[in-house]
Amino acid sequence: MPHDTPLISTIVGGLVLAFIFGAFAHRLRMPPLVGYLIAGVLVGPHTPGYVADQNLAPELAEIGVILLMFGVGLHFSLKDLLSVRGIAVPGAIVQIAFATLLGWGLGAFMGWSTGGSLVFGLALSVASTVVLLKALQERRLVETERGRIAVGWLIVEDLAMVLALVLIPAAASIGGEGHAPVEPLSAALSRLFGLDLGIGGMIAMTLVKVALFVALMLVFGRKLIPWTMHRIAHTGSRELFRLGVLAIALGVAFGAAKLFGVSLALGAFFAGMVLAESELSHRAAQESLPLRDAFAVLFFVSVGMLFDPNILIDKPLPILATIFIIVIGKSVAALLIVLAFKKPLSTALTISASLGQIGEFSFILAALGVELGLLPEEGRDLILAGAIISIILNPLLFFLCDRMRPLLDGAKREDVVADPAPAAEAIAAQEEMPPEDDEVHPTALSGHSILVGYGRVGSIVGQNLKSSATPFLVIEDSDKRIGELKAQGIETLSGNAVMRETLDLANLSGARSIAIAIPNAFEACRIVEQARSVNPSILIVARAHSDAEVDELKQYGADTVIMGEREIALGMVDRLAQVHHESVPYEDGHEPDTIMPTDGPPPERE
């Protein structure tokens, strides 16, 4: 057996070091991805010691991007994408133009060619898919309006970069600054008919190929992919189902890139989006999650491998200017654009913070620019340094935006009060302003119950609390569910219950009970721990999927933990006892003499 195994050593070295430094960063209350980037620097060629394979690492990272975008597509339907097109399309185009102009100015100031400066500006204009989604997922914003706008904005940016990857080689050949392969379809038409399509023809061919891919996915893919997954599910093999999910995600992405020239990320996104219309989308997301997280870590490691720390000493001023464009220039532009569309301030701040970094497309553009002789290697190093530093600073940008929002809201209210306009005009102006749907205020309830999560389990608990006239409120992060709860007159807090601020708004110290209905055991344990520390006498009820989760939740302080499988088994035993032991007739509910669990409350009545 050969001992020269660069693939294995790259995966092992990257994951092990990422785990060590990610855990260390988490201990310091920093995002784990900071540790992943540091791990990449340590295994890169610019630091002593072990050096991972620089060719394999980016390819492994690309798998992570494919799986991540596939997962986003599973939760982002075509209806959601079309619902934000009014702001995502013009907003992304204006923001790309503004950031590209700033980057072109910096490149021209440093004496680069026009083509190189434009490539540099484009690389600074597009945000990282992985970083943006990680930030939204950590704050549980993907399913909110802010999250949909941010993801839709990013999809438009990716589409623009696909077009840019076609235009850059053409610009290099026309401008005489380099040479590049011609677009294949344009070259074929030129050979067959003797037509020189030029730059316009190349743009047209690219748009035609993208349109063909989208049409193929929407017409045939949305029928074929769900049908295939249903057929696999009917086999009853979980192994085949998991393999089918990965085969569709990777196969569609690869086919889109090879046949239509669409990026791997966009191909995977559309594959997930058409599968989202199937009832199996939730299960598909669960099956792809472990690999998605593992390969996303390798993406950050591969980015860190490209970073040369010496550039921080050799080029401090150009790096500061680059970071200013990425973090300040892009964020301010996005903020103003979103506000111009009369969106809430919370939405504008979330979008601006989400886009204040660069990532994978920036690396592709930089590599292409250097390969074509347009962009000097100094420009590539500045892009890499800007990516690393902006990714590290991105959580701080989110923090600052969260702190700025109350101050800006206060200033806005003062402006309304100081306005000498007549009262009727002031009221009319306030009515025209979009409501801050994301604003949360502390509850006035006391001696109440707190329900965390309003999914399949939480909705049953909530309806029973409502029918019994028990005072309660719901903590939920899905805009759709929040709208439904408000329509029913149920008090709701929008946010993540893991955050201490959200629990404080729910008056945890004055509550009598808390029911944690979310399926994520890690988050549930954190909520249980905080609830017990704030209110030692509160009744804590949680759910679990295994005996290990039951034990863990109880160790953190839960009073009662309900395991779904056990309750299902008890319900089946109850029904069998009614038939075989002449128990009371079965009804929709449980009679007093049926068998009940010994370590928790009886199964809920439907």
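Only heavy atoms go into these numbers, but all of them, side chains included; no hydrogens, no water, no symmetry mates. No experiment lies behind these values; they were computed from the predicted model shown.
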Which distance, rounded to the nearest 0.5 Å, do you find between the [atom1] of [X] and the [atom2] of [Y]?
{"X": "F260", "Y": "L216", "atom1": "CZ", "atom2": "CG", "answer": "5.0 Å"}
{"X": "S117", "Y": "L375", "atom1": "OG", "atom2": "CG", "answer": "8.5 Å"}
{"X": "L224", "Y": "M229", "atom1": "CG", "atom2": "CE", "answer": "11.5 Å"}
{"X": "L365", "Y": "M161", "atom1": "CG", "atom2": "CE", "answer": "6.0 Å"}
{"X": "I325", "Y": "F120", "atom1": "CD1", "atom2": "CZ", "answer": "6.0 Å"}
{"X": "I337", "Y": "K343", "atom1": "CD1", "atom2": "NZ", "answer": "14.5 Å"}

Do you know the tightest heavy-atom contact between [X] and [Y]?
{"X": "G221", "Y": "P226", "answer": "O-CD, 3.5 Å"}
{"X": "A18", "Y": "A39", "answer": "N-CB, 3.7 Å"}
{"X": "E157", "Y": "A92", "answer": "CG-CB, 4.2 Å"}
{"X": "V301", "Y": "G14", "answer": "CG2-O, 3.9 Å"}
{"X": "A127", "Y": "S354", "answer": "CB-O, 4.4 Å"}
{"X": "V41", "Y": "P309", "answer": "CG1-CG, 4.0 Å"}

Contact check, side chains of [X] and [Y], non-hydrogen atoms, under 4.5 Å:
{"X": "L42", "Y": "F21", "value": "yes"}
{"X": "I383", "Y": "T322", "value": "no"}
{"X": "M217", "Y": "M273", "value": "no"}
{"X": "L154", "Y": "F269", "value": "no"}
{"X": "N394", "Y": "V327", "value": "no"}
{"X": "K315", "Y": "D381", "value": "no"}
{"X": "L298", "Y": "T10", "value": "no"}

Using atom types as modelled and distance alone, determine if a side-chain donor or acceptor of [X] lies under 3.5 Å from a backbone N or O of [Y].
{"X": "K330", "Y": "A99", "result": "no"}
{"X": "T100", "Y": "A97", "result": "no"}
{"X": "S390", "Y": "A387", "result": "yes"}
{"X": "Q357", "Y": "I326", "result": "no"}

(request) Dump the intermediate steps for side-chain contact (heavy atoms from CB on, under 4.5 Å) on V252 and V274, then the final yes or no. (result) CA-CA 11 Å; V252 172; V274 298; over 6 Å; no

(request) Go through V126 and I358 one step at a time and tell me if the side-chain contact (heavy atoms from CB on, under 4.5 Å) criterion holds. (result) CA-CA 6 Å; V126 58; I358 60 175; 5.7 Å; no

Within the supplied structure, the quantity of interest is the number of heavy atoms (other residues, nucleotides, ligands) at a distance under 6.0 Å from [X] [atom1]; does it exceed 12?
{"X": "F341", "atom1": "CZ", "answer": "yes"}
{"X": "W104", "atom1": "CH2", "answer": "no"}
{"X": "F241", "atom1": "CZ", "answer": "yes"}

(request) For the pair V245 and F70, evaluate side-chain contact (heavy atoms from CB on, under 4.5 Å) and give the outcome as yes or no after the intermediate values. (result) CA-CA 10 Å; V245 172; F70 179 73; 3.6 Å; yes

(request) For L102 and L124, run side-chain contact (heavy atoms from CB on, under 4.5 Å): C-alpha distance rounded to whole Å, both residues' side-chain angles, the deciding distance at 0.1 Å, then the answer. (result) CA-CA 9 Å; L102 292 178; L124 301 186; over 6 Å; no

